[in-house]
Q: 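This is the structure I have questions about; it appears just below.
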Amino acid sequence: MLKKKILFKLSGEFFKSATNTIDIERVFDLAKEIATIRKKYRLAVVFGGGNIFRGRQMTGKIKNQAAWHFVGMAATLVNALALKAVFDELRIPARIISAFDPPKKQDYFRHNEIIIFAGGTGRPFVTTDSAAVKYALEYGADIILKGTKVSGIYTDDPHKNPQAKKFNEISHQDYLKIKNTTIFDKDAVALAGRKKLPIYIFRWGKGMVAKAIKLQAGGTLIDG
Ligand code: UDP
């Protein structure tokens, strides 16, 4: 039987330590959870870099914005190396594929490795959400599971508006109509919508990986 292909999008923010680097304990917890499901699925991970640096932090401060987006991309490499080191420590086969590797047809998932996509798309002015969708389409992932700090998509910002309601499910088109949401980059959702790629948003936490894979993590499914 063909194994389902799952792409996890890890937002850097969740792994932020007190010193703006990586909370390695959290990475260990996550890697152990991913390990429990790795034989049932073909797994890939796109790690963001927001815990270390985001290009848009420099918007308005300097002219050469592209240069700072490369700093952001380098941050995703740091995270990917840390995750790989943790998988190695746990003796879980994993491989980094970087946007800065020489271009070649990749033999994804050989030897049951977990693939870690690093460096985003390799180009500035976009996010690792875009990279996640492009990689998912490239290797035919069935779904993207994005773990974040918030529990799903709301009608409005739940911190500012207590009346805000969470969607269990929302179409790609309707997600694009929500104002001021950054939970998943809208450019990336537009592409996912055209290609009918579902995205599930959920809050990271202990035990959530196994629930998210069954879409039972109390999050929001973007589909249809
Ligand atoms: N970035 C980029 N091109 C990409 C992916 C990322 O320029 O294809 C830069 C961009 O500046 C971004 C930073 O890398 O802010 C970190 O990625 P992201 O903000 O997506 O990280 P996350 O929010 O998921 O932690």
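From a predicted model like this one, the values you see are computed outputs, not experimental measurements. For ligands, and for the atoms within them, numbers begin at 1 and follow the listed sequence. Just so you know, these numbers use all the heavy atoms, side chains as well, and skip hydrogens, waters and symmetry mates.
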Q: Atom 12 (C) of ligand 1: which protein heavy atom is closest, and how many Å away?
A: G55 N, 4.0 Å

Q: Taking atom 1 (N) of ligand 1 as the point of reference, which of T148, V126, N79 owns the nearest heavy atom?
A: V126

Q: Please check this pair: side chain of K3 against backbone of K39, looking for a donor-acceptor N/O pair closer than 3.5 Å.
A: yes

Q: N/O to N/O below 3.5 Å, does that happen between P124 and ligand 1?
A: no

Q: Y200 and L145: side chain to side chain contact (heavy atoms under 4.5 Å, CB included), yes or no, with the steps?
A: CA-CA 5 Å; Y200 184 65; L145 307 179; 3.7 Å; yes

Q: Any idea how W204 and F202 line up, ring-wise: parallel (<30°), tilted (30 to 60°), or perpendicular (>60°)?
A: perpendicular

Q: Run down the list G72, G119, G49 and name the one with the heavy atom closest to atom 13 (C) of ligand 1.
A: G72

Q: Check ligand 1 against F53 and write out every atom of the ligand that is under 4.0 Å from a heavy-atom position of the residue.
A: 13 (C), 16 (C)

Q: Is there a path of hydrophobic side-chain contacts, each under 4.5 Å between heavy atoms, that joins I143 and L10?
A: yes

Q: Please say whether more than 12 non-hydrogen atoms of neighbouring residues, nucleotides or ligands are located less than 6.0 Å from NZ in K104.
A: yes

Q: Is there a path of hydrophobic side-chain contacts, each under 4.5 Å between heavy atoms, that joins L137 and F117?
A: yes

Q: Does the residue K9 have a heavy-atom contact with ligand 1, meaning some pair of atoms that are separated by less than 4.0 Å?
A: yes

Q: Would you indicate which of N51, L10, T128 comes nearest to atom 17 (O) of ligand 1 when only heavy atoms are counted?
A: T128

Q: Using non-hydrogen atoms of the residue, decide whether F70 is closer than 4.0 angstrom to ligand 1.
A: no

Q: Under a 3.5 Å threshold, yes or no: a donor from one side chain and an acceptor from the other, between K166 and T220?
A: no

Q: Can you tell me if F125 has a non-hydrogen atom under 4.0 Å from ligand 1?
A: yes

Q: Measure across D23 and K16 and return the closest heavy-atom pair with its distance rounded to 0.1 Å.
A: CB-O, 4.1 Å

Q: Nearest heavy atom to atom 7 (O) of ligand 1 wins, so pick from H69, K16, M58.
A: H69

Q: Answer whether the closest heavy-atom distance between the side chains of R95 and Q106 falls below 4.5 Å.
A: yes

Q: For ligand 1, which atoms sit closer than 4.0 Å to a heavy atom of G50?
A: 21 (O), 22 (P), 25 (O)

Q: Just going by heavy-atom distances, which of E13, R123, K134, R54 is nearest to atom 19 (O) of ligand 1?
A: R54

Q: Would you say R56 and ligand 1 have an N/O pair spaced under 3.5 Å apart?
A: no

Q: Could you check D29 against R26 for salt bridge (Lys or Arg N to Asp or Glu O under 4.0 Å), going step by step and ending with a plain yes or no?
A: CA-CA 5 Å; D29 286 347; R26 274 200 176 174; over 6 Å; no

Q: Looking at ligand 1, does A75 have a heavy atom less than 4.0 Å from it?
A: no

Q: Taking a cutoff of less than 4.0 Å between a non-hydrogen atom of the residue and any ligand atom, is A131 in contact with ligand 1?
A: no

Q: Should you measure from each heavy atom of G48, which atoms of ligand 1 turn up under 4.0 Å away?
A: 21 (O), 22 (P), 24 (O), 25 (O)

Q: What I'd like to find out is whether the side chain of L83 reaches to under 4.5 Å of the side chain of V45, using heavy atoms alone.
A: yes

Q: Any idea which protein heavy atom is nearest atom 5 (C) of ligand 1, and the distance to it?
A: T127 C, 3.5 Å

Q: Is there a polar contact between ligand 1 and D129, counting only N or O atoms under 3.5 Å apart?
A: no

